[in-house]
Amino acid sequence: MLDLRLVGVAGRRQSLTDMAGRFLPWVWIALVVLLCSGIILIIGEPGRELQNIMFWIKMSSIAAAVVLTLIFQQVLRRNKGFWDRHRALAALLGSVSLLLWVTVIAAGRWIAYVAHG
Amino acid sequence: MLKQFWAAVEATSISTAVRESTWLFPTIESIHVLSLVVVVGSIMVVDLRLLNLASRQRSVRELTDEVLPWTWTAFVSAAITGTLLFSSSAHRYAGIWQFETKMCMLALAAVNMGIFHLGAFRSVAHWDQAPAEPPLAAKLAGGISLGIWVTIVALGRWVGFV
């Protein structure tokens, strides 16, 4: 949702700064829960995941998306309203992040269908 | 009779293709997951607002006007992809209690939504803005919806492991 707002196709009635403030805390909380449950799942069947190329595609996409979000948040913290003033940059960031999360979901699903090794 | 119907569904060319292809099922499943993320995520935004737990600064009306079109678009996509996945092995899914319960929960979510729209939501203008709190009926609708959708996601995942 935040990405779509960044791209500018959704939620145009509120400023980016407002929306980011409202959504980011939820994003981080949910991410921590995902990390914890994900680690438990890996411990359950380490061989299956760690030898799977789809797993590593998924992990690197998550890492990239998290880094982008951190950059977004840091810039916002130092310079309120920055993203509202730099729409094109915000749109680019949003598109890349959106693409990364789509990759995460697709790769995550495919882990189950790709043979080991 | 239902048995024959499921067999007929499984015999269709689409369902056969999904069943026999190596890549169709995971691809459709990926789209299904992507859609349901948008459906559940956007519903939760509205539910949490109704519960007065988040987005309190924003008017309920504005929020629903903005979010719900996304919910419905994604829901249509989730329903289509879900039907395709189901058809690949209709008789098997139809016999799994997790799947049956999930479908009942979807119906329940629809009923909950109907009651809310015909009831508390009609007077939304009175409790729309910040210091005013959503009435009990609206909070109840939000809480129930939250519970139902969490259950639906859990059951949906479970179906894949039976």
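Naming convention: chains lettered A, B, ... in sequence-line order (proteins, then strands); numbering from 1 in each chain.
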Over 12 non-hydrogen atoms of neighbours within 6.0 angstrom of [atom1] in [X]:
{"X": "A:Trp28", "atom1": "CH2", "value": "yes"}
{"X": "B:Gln4", "atom1": "CD", "value": "no"}
{"X": "B:Gln129", "atom1": "CD", "value": "yes"}
{"X": "A:Leu34", "atom1": "CG", "value": "yes"}

- prompt: Any link between B:Leu106 and B:Ile115 through a network of hydrophobic side chains (Ile, Leu, Val, Met, Phe, Trp, Tyr) touching at under 4.5 Å?
  reply: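 The answer is no; the residues belong to distinct hydrophobic clusters.
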message: Working to the nearest 0.5 angstrom, can you tell me the gap between A:Ile105 CD1 and B:Ile31 CD1?
response: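 These two atoms lie 11.5 Å from each other.
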OG-CH2 distance between B:Ser55 and A:Trp26, expressed to the nearest 0.5 angstrom: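 Here the interatomic distance stands at 8.5 Å.
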message: A side-chain contact here means heavy atoms from C-beta on lying under 4.5 Å apart; do A:Trp101 and B:Leu34 qualify?
response: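 The answer is no, as the side chains (C-beta and beyond) never meet within the 4.5 Å cut-off.
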message: Could you tell me if the side chain of A:Arg109 sits less than 4.5 Å from the side chain of B:Ser30, heavy atoms only?
response: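 In contact.
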message: As an exercise: rank B:Leu48, B:Thr22, B:Val37 by heavy-atom pairs under 4.5 Å with chain A and give me the winner.
response: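 Most heavy-atom pairs within the cutoff with chain A belong to B:Leu48.
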